[in-house]
Structures are given as C-alpha cells and as structure tokens.
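Structure record follows, encoded as structure tokens.
Letters A, B, ... are given to chains in the order of the sequence lines, protein chains preceding strands, and every chain is numbered from 1. The structure presented is a predicted model; accordingly, all values stated were derived computationally and were not measured.
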There are 2 protein chains.
Amino acid sequence: MAVPSGPVSPSTEAERAMFDFVDAYDRAYEVAADRHGMTVAQACVLGRIARPRGMRELADELGCDASNITQIVSRLEARELVERHADPHDRRSRRLTRTAAGDELNAAFEKTFEFARAATSNLTLDEQAQLAELLRKALGRPA
Amino acid sequence: MAVPSGPVSPSTEAERAMFDFVDAYDRAYEVAADRHGMTVAQACVLGRIARPRGMRELADELGCDASNITQIVSRLEARELVERHADPHDRRSRRLTRTAAGDELNAAFEKTFEFARAATSNLTLDEQAQLAELLRKALGRPA
DNA sequence: GGTGATGCTTGAGTCAATCAAGCATTTCTG
DNA sequence: CAGAAATGCTTGATTGACTCAAGCATCACC
C-alpha cells in the first residue's frame, strides 16, 4: 500500500492536486523498489549510502530507531549490497559503504524510478522553475 | 520511517523540490496518524470509509491484497471505529461504515494533518491555481 | 579513573503486507 | 436448470518494518 494512498478529503483543487502528486510519487517508488527485489525501506537506505555513513546518522535522517537501521542494513549486507567497516576514529561506530553490486543496483533502481524525470519532462524549463519555487513556498522553505 | 524519506539523487532543482515536498507530506501524515493512536494504514483506511465501502473496493483502491484490508479493518473494528454490515444485494460482501467515534477520530486526524492547508495557506489563490495546474501537467494528467 | 553519554546490537512484540487455501455465494454457460 | 467458474471475504503462515527495553563496548569529560 502506497502511503498515504490518496486524498484525505481535500477541500480545494490545489490540495487535491498535491495529494494526487504525492500518491503517484509514493506508488512509483514502491514499484521501482519492488522491481529490483527491494522493499521501500531498503531502497531508501541503499540510496543514502552514496558516501560512507554511520548507522546513527541514517537513523536520525530517517527519523527512526537505530535498531531499525541495524536490521535493514543486515538484510542489505546479506545480499552483499553494503558493507560495515570499522570507523578509525571511533571504534563503536560503523562506516557503511556500498559494494560494487550495491552501486549497480542503486543505479538500476534510480533508472527505474523515473517518476521525477518523467514529471519534469512534461514541463518546460520555465514551468519547472516555477513549480520548484511554488513547492518551496508552499513548504514555507523559500529557496 | 516516512516513505521514501528524502531525495533520490535528484538531478535538477525541480526534482529536489518535488522530493522534499513529498517527504514533508509523508512525514506529516505519519505524525498526524500517530498522534491519534493510528498507524498510517489505519488512518488511510478510516479516511476512505466516509460512505459505505466494500473490502474488495478498498483493496483495489489501495493496491493491496484483500486479506490486508481484512486485517486492518479488524483492528479498526476492535476499537469500534468502523462496523461491518451485511450487503443486502450480495451476501458475500461487507458494507463498511464508520461509527460515530470513527467519524470523530477521522475528523480529528484531518484537523491534525494540516499539511495541505498549511501548504496552500503559504500561497496566494493565483499561486495555488498555478501549482495545481503544474502538478497535473507534471503527472501527465491535465485537469 | 570513574561516571555518564554514545553507537550499535539483540530480543521481544506489534503491525503491514503477501501468498496460498478455503468457504460461501453469485454468475456464467452449456 | 445444473454444474463450473468467478467473486468477496477470511484464516494461517511468513517476511519485513518498526518500536522499546537491555546490554555491551567505547568514548568523553571532570
């Protein structure tokens, strides 16, 4: 089930458009992950290990418990997509890296998840800039 | 963990803005559900029972197995938020309805999930219309 | 040099989700 | 009309995500 799967009683046309957009994005992400034999959480974690990362770091970024990351990383490690290395500066910490296979799978995933590319390709450059600005403004985080 | 929790190597400013927007939406939804003692899936299902619905119907809409709906509805039913009634026209089928408590909780949830309202309130009416149109166009589903 | 914080893991438990079976009912078809 | 196929839902088994509570090792500080 994509999250949150559709409109929540949107009251305006703009709200409905936002809901539909988010819904389409989430579903596309899920489909892409699945197509590469990953869960959403796994694709999400794998994607973040472009550079060496710590477990804690990822947990904070994703807003979840560290033990959750332990578990997800263990599954990725079992498939030899990521590796846990020792951190030379702190022996409690782990430096996560992607293996070559992990890099490959991640690239394949991103290629499959063409949602954003498709979305932008439906817009002119001007429109893209406009959309970006409006989304930022809507979030209350002006560029 | 919000899904999909952040950018997937976005290559353009517009793509990054979309990612951030979706991420913020998903997180807000999760927080709101949690605040009312529901999971994302539960809030999502509850929200769709504004009018009587069948199990199959919901499963199709959410793109998941019917047995998944059975399970989620059972939890909502245990909390007396929804009820399963017989369908007079098809005795295999169930007509799901919200109880008064279910209506109330759903309303409270929607009030808490102020994401869309907040987002639109950051925009002028003109900008809202523009955003809606751009999102539709990006999705390739012109209004 | 001990005390407390920090980074990670383990174990127990809940929920979401899928698949395979199975039951009851409806619908189609010969 | 009767038998076969399809449909709507549930159950049971299994996997994964997620949380919390504990615990271990290491670091940081006073």
Side-chain angles (χ1 to χ4, degrees), chain A residues 1-5 26-27 29-31 33-46 48-49 52-79 81-96, chain B residues 1-5 26-27 29-31 33-46 48-49 52-79 81-96:
Chain A
M1 188 187 300
V3 173
S5 285
D26 284 340
R27 287 181 199 247
Y29 195 95
E30 202 176 342
V31 166
D34 193 64
R35 200 160 294 176
H36 293 285
M38 290 190 286
T39 64
V40 165
Q42 287 167 7
C44 176
V45 166
L46 185 64
R48 284 167 187 272
I49 313 187
R53 310 296 299 270
M55 311 283 288
R56 173 82 264 147
E57 203 183 344
L58 290 180
D60 287 344
E61 221 168 273
L62 301 181
C64 69
D65 198 273
S67 63
N68 192 24
I69 302 294
T70 293
Q71 196 209 106
I72 294 169
V73 165
S74 295
R75 291 197 188 98
L76 292 173
E77 200 183 21
R79 289 178 58 185
L81 298 170
V82 308
E83 281 169 348
R84 281 182 240 236
H85 299 288
D87 181 332
H89 301 305
D90 185 341
R91 280 190 299 179
R92 292 169 301 180
S93 189
R94 306 292 191 137
R95 291 167 65 76
L96 300 170
Chain B
M1 187 188 300
V3 173
S5 285
D26 284 340
R27 287 181 199 248
Y29 195 96
E30 202 177 342
V31 166
D34 193 64
R35 200 161 292 174
H36 294 286
M38 290 188 286
T39 64
V40 166
Q42 287 166 8
C44 177
V45 167
L46 186 64
R48 284 168 186 271
I49 315 187
R53 309 297 299 270
M55 311 284 287
R56 173 82 264 148
E57 203 183 344
L58 289 180
D60 287 343
E61 220 168 273
L62 302 181
C64 70
D65 197 273
S67 64
N68 192 25
I69 302 294
T70 292
Q71 195 207 109
I72 294 169
V73 165
S74 294
R75 289 194 191 98
L76 292 173
E77 200 184 21
R79 289 178 59 186
L81 298 170
V82 307
E83 282 169 347
R84 280 183 241 234
H85 299 288
D87 180 332
H89 300 304
D90 186 340
R91 280 190 300 181
R92 292 168 303 182
S93 188
R94 306 294 192 137
R95 291 167 64 76
L96 301 170

Under-4.0 Å side-chain N/O to phosphate OP1/OP2 contact, [X] with [N]:
X	N	result
Thr39(A)	dA17(D)	yes
Arg92(A)	dT9(C)	no
Arg84(B)	dT10(D)	yes
Ser67(A)	dT19(D)	no
Gln42(A)	dA17(D)	yes

Asn68(B) side chain near Leu62(B) side chain, heavy-atom distance below 4.5 Å: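 Side chain of Asn68(B) against side chain of Leu62(B), heavy atoms only: no contact under 4.5 Å found.
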
Leu58(B) side chain reached by Ile72(B) side chain, heavy atoms, under 4.5 Å: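 No, their side chains stay 4.5 Å or more apart.
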
Which is true for [X] with a 4.0 Å heavy-atom rule: it touches a base, it touches only sugar-phosphate, or it touches nothing?
X	answer
Arg95(A)	nothing
Thr70(B)	base
Ser93(B)	sugar-phosphate

Protein-nucleotide distance ([X], atom [atom1]; [N], atom [atom2]), rounded to Å:
X	N	atom1	atom2	value
Arg91(A)	dA25(D)	CZ	C1'	9 Å
Glu83(A)	dC8(C)	CD	C1'	18 Å
Met55(A)	dT26(D)	CE	P	17 Å
His89(B)	dT7(D)	NE2	C1'	17 Å
Asp34(B)	dC15(C)	CG	P	13 Å
Leu62(A)	dT19(D)	CG	P	10 Å
Arg94(B)	dA24(C)	CZ	P	13 Å
Asp87(B)	dT10(D)	CG	P	13 Å

Separation of Met55(B) CE from Leu96(B) CG (nearest 0.5 Å):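 Between Leu96(B) CG and Met55(B) CE, I get 5.5 Å after rounding to 0.5 Å.
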
CG-NE2 distance between Leu46(A) and His36(A), expressed to the nearest 0.5 angstrom: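 Rounded to the nearest 0.5 Å, the CG-NE2 separation comes to 11.0 Å.
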
Distance-only donor-acceptor check, side chains Arg84(A) and Ser74(A), under 3.5 Å: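 Present: a donor and an acceptor within the cut-off.
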
Protein-nucleic acid N or O pairs under 3.5 Å, nucleotides 22-24 of chain D:
none

Among Val73(A), Thr39(A), Leu81(A), Val40(A), side chain to side chain contact (heavy atoms under 4.5 Å, CB included) partner for Val45(A):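 It is Val73(A), the one option of Val73(A), Thr39(A), Leu81(A), Val40(A) that forms the side chain to side chain contact (heavy atoms under 4.5 Å, CB included) with Val45(A).
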
Position toward the 5' end of DNA chain D (nearest nucleotide), Arg75(A) or Gly54(B):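 The answer here is Gly54(B).
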
Heavy-atom closest pair, residues Arg92(B) and Asp90(B):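 So the two residues come closest at NH2-OD2, 2.8 Å.
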
Residues Arg79(A), Arg75(A); criterion side chain to side chain contact (heavy atoms under 4.5 Å, CB included); working and verdict: CA-CA 7 Å; Arg79(A) 289 178 58 185; Arg75(A) 291 197 188 98; over 6 Å; no

5' precedence on DNA chain C between Pro88(B) and Asp65(B) (nearest-nucleotide basis):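 Final value for this comparison: Asp65(B).
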
